[in-house]
J.: 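Please find one structure pasted underneath; my questions will follow.
Each chain gets a letter, A, B and so on, in the order its sequence line appears, and its residues count up from 1.
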Amino acid sequence: MAKELAKTYDPSGIEDRLYQKWLDKKYFHAEVDESKKPFTIVIPPPNITGQLHMGHALDETMQDILIRFKRMQGYNALWQPGTDHASIATEVKIIEKMKEEGITKEDLGREGFLERAWAWKKEYGGRIVNQLKKLGSSCDWDRERFTMDEGCNKAVNEVFVKMYEKGYIYKGSRIINWCPVCNTSISDAEVEYQEQAGHFWHIKYPILNDDGSESGEYLIFATTRPETMLGDTAVAVHPEDERYKHLIGKNLMLPLMNRKIPVVADEYVDREFGTGVVKITPGHDPNDFEVGKRHDLPIINIMNDNATINANGGKYEGMDRYAAREAIVKELDAMGLLVKIEDHVHNVGTHDRCKTTVEPLVKAQWFVKMDELIKPAQKAVKEGEIRLVPESLQKTYFNWTDNIRDWCISRQLWWGHRIPAYYCADCGETVVAKEAPTKCPKCGGTHFNQDPDTLDTWFSSALWPFSTLGWPEQTKELKYFYPTDVLVTGYDIIFFWVIRMIFSGYEQMGERPFHTVLFHGLVRDDKGRKMSKSLGNGIDPLEIIRQYGADALRLTLVTGNAPGNDMRFYYEKVEANRNFANKIWNASRFIMMNMEDTQPTKPEVADLKPADRWIISRVNRLIKDVTENMEKYELGVAVQKIYDFIWDEFCDWYIEMVKPRLYAKDDTTSRNAALYTLKTVLIDALKLLHPYMPFVTEEIFCTLQEEEESIMVSSWPVYDEARDFAKEEAEIETIKEAIRGIRNARTGMNVPPSKKAQVFVVSDSEEKRAIFTGNSDFFKTLAYASDVIVQADKTGIADDAVSVVIAHVNIYMPLGDLVDLEKELERLKKEEQRLEGELKRVNGMLSNEKFVSKAPEAKIAEEKAKLEKYTKMMEQVKAQIANLSK
RNA sequence: GGGAUCAUAGCUCAGCUGGGAUGAGCGUCCGCUUGACGUGCGGGAGGUCACAGGUUCGAGCCCUGUUGGUCCCACCA
């Protein structure tokens with residue numbers, strides 16, 4: 001007894017069941033197997049704090065499509081999953097939760113806090129993984145990793161020590177971005193600039209005579225941050241500036257602080273901007289820091305970690321930076337040193353996590369020296385060893401690599417990889433080592449304090465492609481699956497992650513981590529806005545899955561979307577795609593109903609009708625196109641073609657054409673050929689669709705194909721020249737055109753449904769004439785198409801149905817002309833013109849010596865073939881024009 | 001300031017290296033209980049492919065400029 005599909009398509013009834021089956025059968029699991037070629041993707045590890053959002057859904061869907069595609073193509077496909085500890089994001093969340101309980105980090109202490117953090121990881125780390133499963137992700141869950149698991153931790157220490165020894169990691173006092181709310185340093189990449197309305201305070205400092213007395217003259221300048229004046233150690237002018245040349249080397253009196261500060265000359269100053277005078281605060285401005293280095297100026301830090309003024313700020317000590325600003329302006333005004341206040345819009349650096357205005361501070365931090373490290377990463381993309389899709393992102397990539405600055409990697413956080421640096425309690429010697437040292441190499445002391453800082457969360461992510469495969473151990477997995485193949489991720493983390501993985505891959509492994517980076521954009525709401533918590537416009541993928549099924553969601557996310565482009569999310573789209581799943585479901589049910597208990601047998605080639613050959617040829621072409629598109633990562637284009645084929649060609653045309661043959665049970669040969677074709681073509685189409693819609697395709701496949709256990713381990717269809725039937729394709733196209741013509745004519749005529757209409761079909765030879773009659777509504781239906789063919793066959797109008805040359809068909813009487821002669825003539829003339837141009841071009845190319853001598857042979861052959869093709873077409877067109885003109 | 005990218009049907013978007021706008025989904029209008037599907041079937045309306053030049057036999061696609069939008073980087077205090 002044949003299995004049956006449920007009468008209605010209900011994704012919730014099949015998805016969980018099938019996923020469990022795949023897990024049980026271990027289809028996702030990949031083992032090293034030297035006889036097969038590997039194909040590897042490492043997942044961008046979602047944060048353990050995260051809930052599945054549309055961005056994940058898109059990211060995972062694209063990866064799953066590629067992995068399933070390659071797996072079916074026979075590759076040993078590994079999708080390496082895992083999660084990210086997301087140091088700062090997680091720590092902030094845990095602290096928030098603790099706040100509700102009235103506890104602070106300090107109450108718990110480092111140990112206690114970490115205990116809580118691990119408990120958090122245990123509770124929420126699994127949540128996102130379960131959500132990924134709902135999407136149908138075929139990750140090898142047996143290999144799941146975590147950025148802070150033992151292996152990854154080992155990899156981090158290994159890299160840190162190695163790079164420290166090579167001089168690529170160093171500790172130094174440099175100006176860094178400080179977040180006073182999160183209480184940690186952050187890297188340049190984490191600073192987000194926001195346009196804010198502010199002010200320009202024009203202030204003047206008194207100029208001193210050489211003997212230290214006030215000269216009565218002033219130097220005027222403008223600042224957006226008056227409070228930083230507390231830390232001013234100079235004022236700068238341009239060396240060539242005639243207005244101020246005489247003042248260079250003189251001193252000024254820094255008001256409020258009563259500190260003598262020099263006037264220095266530096267090219268950094270823009271003479272055109274403002275008054276051409278800049279106050280220099282090396283301790284709180286990155287540019288000033290550089291100026292300060294050049295002129296050997298003292299660095300005064302005037303702020304505490306929480307952005308209040310410290311003891312260096314004199315009487316302002318203890319005030320918040322903004323309160324101090326107000327007080328200082330007020331006082332300067334009282335002293336007559338405030339010239340004026342202007343409104344000014346400027347960009348303010350904020351912390352991307354908490355949006356707090358960052359404070360540039362000079363602090364001792366750990367850095368990765370980038371200048372040498374970045375070189376292989378630049379070269380790799382430049383020379384095409386690593387391909388970015390879309391290519392336009394190369395510019396963004398190079399913009400970053402060409403202006404790379406050292407990477408601040410230390411964070412004043414507790415949740416993360418602790419820096420493996422130890423300081424001797426006796427002599428202060430720094431020891432960087434994988435294991436805690438026991439004896440100080442300098443003084444022999446045995447007491448050490450480990451550096452309290454942790455590493456930037458991206459430090460461990462940078463090692464992800466090889467740490468997950470076992471590095472630093474030389475595992476068989478590492479040797480086999482590395483380098484990985486494709487990295488799929490959003491363009492928003494190109495700096496944070498992609499570039500860092502690339503240079504880390506070259507540095508640690510001596511090899512690229514992957515050959516292609518496939519970028520996607522953001523999923524926005526239907527108004528084009530980013531989905532965000534504060535707007536409350538986020539759409540929960542799990543809710544969509546509950547309503548429409550994972551298949552519909554997946555299709556929605558990849559259809560009509562080019563790499564690297566943002567997309568908008570519409571419920572209508574999901575609905576349309578759910579309808580598509582329903583369509584396939586019903587078409588499959590129809591085919592199975594007709595098969596009843598008997599599986600069709602392979603027909604003789606001669607028994608295949610033109611319509612059969614046509615659809616076989618079409619699916620064959622589809623296989624070729626889709627495979628090519630997918631290999632070029634054009635996932636949206638590929639699936640659009642599958643969609644069109646299944647709905648339009650297969651369901652709306654082929655199934656309708658074939659119906660009369662299915663109902664005519666006496667002609668078993670024809671019926672078998674039709675059923676066989678239906679089944680095989682459907683299977684090919686299902687296979688092509690499987691990477692996109694894994695669940696429906698699996699359910700149908702398993703019901704239809706009783707002997708095979710799963711579509712996901714079946715083989716990807718291959719284009720076969722023997723299944724290419726150009727003649728039938730052209731003929732059916734003609735028939736289709738004719739049928740459309742009939743429908744149009746009918747619509748125009750508005751014949752009452754009850755009346756019978758007649759269609760006269762005449763081929764080019766007089767004796768092959770037939771008359772078809774039917775209910776006029778009948779002509780409007782697609783069933784008519786099949787009837788034309790079947791009738792034509794039966795009446796012997798032609799040897800096979802499709803050779804009814806409808807281009808020569810005339811439809812008489814109430815239906816009017818099928819072809820508008822004038823329009824046709826116009827079309828042909830246009831075609832003639834086009835061909836003329838085309839011929840000219842090809843001829844021109846082929847007679848061009850440079851082209852013939854330099855172009856690759858394949859290209860020349862192609863052009864020659866075109867020449868031949870166009871010549872023939874030209875003849876035909878000319879003949880047709882002559883014919884019609886009569 | 002530098003760069004990227006977009007401007008195609010009422011809306012949202014595809015359109016590969018230049019070769020008949022081949023378009024899709026939704027919406028809209030007309031018609032259909034046709035023995036898989038109304039989550040369906042058939043048909044229609046709707047486009048000077050932002051604007052202006054240029055290259056070409058031929059441009060939505062290439063070049064130049066203009067306008068408008070989005071994003072990234074830098075940050076002139």
J.: If you measure from CG on L557(A) to CE on M62(A), what distance do you get to the nearest 0.5 Å?
T.: 10.0 Å
J.: Can you measure Q394(A) atom CD to A4(B) atom P for me and round it to whole angstrom units?
T.: 13 Å
J.: As a test of reading the structure: which of G42(B), C72(B), C37(B) is closest to the side chain of T396(A), going by heavy atoms?
T.: C72(B)
J.: Select one nucleotide: of C11(B), A36(B), A77(B), the one nearest the side-chain heavy atoms of I655(A).
T.: A36(B)
J.: Establish whether the base of A4(B) is bridged to the side chain of E391(A) by a donor-acceptor pair shorter than 3.5 Å.
T.: no
J.: Mind telling me whether F650(A) and Y654(A) have parallel, tilted or perpendicular rings, with 30° and 60° as the class edges?
T.: parallel
J.: Rounded to the nearest angstrom, tell me the gap between atom CZ in R568(A) and atom P in A14(B).
T.: 11 Å
J.: State which residues pass side-chain hydrogen bond (donor to acceptor under 3.5 Å, both in side chains) with Y9(A); sequence neighbours excluded, sorted by chain then number.
T.: none
J.: Does a side-chain N or O of R225(A) approach OP1 or OP2 of A77(B) to a distance below 4.0 Å, or not?
T.: no
J.: Please measure how far the C1' atom in G38(B) lies from the corresponding atom in G20(B), and state the result in whole Å.
T.: 36 Å
J.: Rounded to the nearest Å, what distance is computed from the CG atom of residue L393(A) to the C1' atom of nucleotide U5(B)?
T.: 10 Å
J.: Has Y570(A) got a side-chain N or O lying under 4.0 Å from the OP1 or OP2 atom of U12(B)?
T.: no
J.: Which residue, F495(A) or D270(A), contacts RNA chain B at a nucleotide closer to its 5' end, judged by nearest heavy atom?
T.: F495(A)
J.: Within 45° of the ring axis of Y643(A) and under 6.0 Å from its six-membered ring centre, is that where the NZ or CZ of K583(A) lies?
T.: no
J.: For C73(B), does OP1 or OP2 lie under 4.0 Å from any side-chain N or O of K395(A)?
T.: no
J.: Given that both pair distances must be under 3.5 Å and the pair must be Watson-Crick or G-U, what runs of three or more consecutive pairs involve RNA chain B?
T.: B:1-7 with B:67-73, B:10-13 with B:23-26, B:28-32 with B:40-44, B:50-54 with B:62-66
J.: Using atom CZ of F569(A) as one end and atom C1' of G25(B) as the other, report the distance to the nearest whole Å.
T.: 13 Å
J.: Tell me whether E391(A) at atom CD has more than 12 heavy atoms from other residues, nucleotides or ligands lying less than 6.0 Å away.
T.: no
J.: Begin from the C-alpha positions of E649(A) and K641(A) and carry the test salt bridge (charged side-chain N to carboxylate O under 4.0 Å, His left out) through to its verdict.
T.: CA-CA 11 Å; E649(A) 296 193 284; K641(A) 287 178 183 170; over 6 Å; no
J.: If a pair satisfies salt bridge (charged side-chain N to carboxylate O under 4.0 Å, His left out) and one of its residues is in residues 337-351 of chain A, list it, with sequence neighbours excluded.
T.: K340(A)-E342(A)
J.: With a non-hydrogen cut-off below 4.0 angstrom, is R405(A) in contact with a base, only sugar-phosphate, or nothing?
T.: sugar-phosphate
J.: A7(B) and G15(B): how far apart are their P atoms, nearest whole angstrom?
T.: 10 Å
J.: Give the nucleotide from the list A4(B), A36(B), A77(B) with an atom nearest to the side chain of S392(A).
T.: A4(B)
J.: Would you mind reading off the distance between M592(A) atom CE and G35(B) atom P, rounded to a whole angstrom?
T.: 21 Å
J.: Could you check which of G35(B), A14(B), C75(B) has an atom nearest any side-chain atom of Y193(A)?
T.: C75(B)
J.: How is H284(A) classified with respect to the nucleic acid when contacts are heavy atoms under 4.0 Å: base, sugar-phosphate, or nothing?
T.: nothing
J.: What's Y491(A) touching, base or sugar-phosphate or nothing? Going by heavy atoms closer than 4.0 Å.
T.: nothing
J.: In whole Å, what separates the P atom of U56(B) from that of U66(B)?
T.: 23 Å
J.: With rounding to whole Å, what would you report as the distance between G23(B) and G58(B) at their P atoms?
T.: 25 Å
J.: Assess the residue pair R524(A) and D566(A) against the criterion (salt bridge (charged side-chain N to carboxylate O under 4.0 Å, His left out)); give the C-alpha distance rounded to whole Å, side-chain angles, the decisive distance to 0.1 Å, and a yes or no.
T.: CA-CA 7 Å; R524(A) 297 171 175 276; D566(A) 289 355; 2.9 Å; yes
J.: Taking OH from Y654(A) and C1' from C41(B), how many angstroms apart are they, rounded to a whole number?
T.: 20 Å
J.: Is the ring centre of Y663(A) under 5.5 Å from the base ring centre of G35(B), and are the two planes under 30° apart, so that they stack?
T.: yes
J.: Counting side-chain heavy atoms from C-beta on, which of A77(B), A36(B), C37(B) comes nearest to Y268(A)?
T.: A77(B)
J.: Can a side chain N or O of W647(A) be found less than 4.0 Å away from OP1 or OP2 on C41(B)?
T.: yes
J.: On a heavy-atom basis, which atom in H284(A) and which in I302(A) lie closest, and how many Å separate them?
T.: NE2-N, 3.0 Å
J.: Check this one for me: any side-chain N or O of H202(A) less than 4.0 Å away from OP1 or OP2 of A77(B)?
T.: no
J.: Give me the distance, rounded to whole Å, that separates U39(B) from A21(B) when you measure between the C1' atoms they each carry.
T.: 30 Å
J.: What integer number of Å spans the C1' atoms of G35(B) and C26(B)?
T.: 31 Å
J.: 5'-most contact on RNA chain B: R524(A) or D644(A), nearest heavy atom basis?
T.: D644(A)
J.: Round to the nearest Å and state the distance from E575(A) atom CD to U39(B) atom C1'.
T.: 8 Å
J.: Taking the same atom, P, in A9(B) and in A14(B), what whole-Å distance lies between them?
T.: 13 Å
J.: Is the distance from OP1 or OP2 of C37(B) to the nearest side-chain N or O of K7(A) less than 4.0 Å?
T.: no
J.: Looking at N565(A), does any N or O in its side chain come under 4.0 Å of the phosphate oxygens OP1/OP2 on A14(B)?
T.: yes
J.: Does the ring center of F495(A) lie less than 6.0 Å from the ring center of Y397(A)?
T.: no
J.: Looking at N399(A) and C73(B), is any side-chain donor or acceptor paired with a base atom of the opposite kind under 3.5 Å?
T.: no
J.: How far, in whole Å, is C73(B) from C13(B) if one measures between their P atoms?
T.: 23 Å
J.: Can you find an N or O donor on one side and an acceptor on the other, under 3.5 Å apart, linking the side chain of R578(A) with the base of U39(B)?
T.: yes
J.: Taking only nitrogen or oxygen atoms into account, show me every contact under 3.5 Å that the protein makes with nucleotides 26-30 of chain B, one pair per line with its distance.
T.:
none

J.: Excluding sequence neighbours, so at least two apart, what forms side-chain hydrogen bond (donor to acceptor under 3.5 Å, both in side chains) with E575(A)?
T.: none
J.: More than 12 foreign heavy atoms under 6.0 Å from CZ of R671(A): is that the case here?
T.: yes
J.: Rounded off to whole Å, could you give me the CG-to-P distance for the D352(A) and C72(B) pair?
T.: 12 Å
J.: For T281(A), give me all partners under side-chain hydrogen bond (donor to acceptor under 3.5 Å, both in side chains), at least two apart in sequence or on another chain.
T.: D232(A), K279(A)
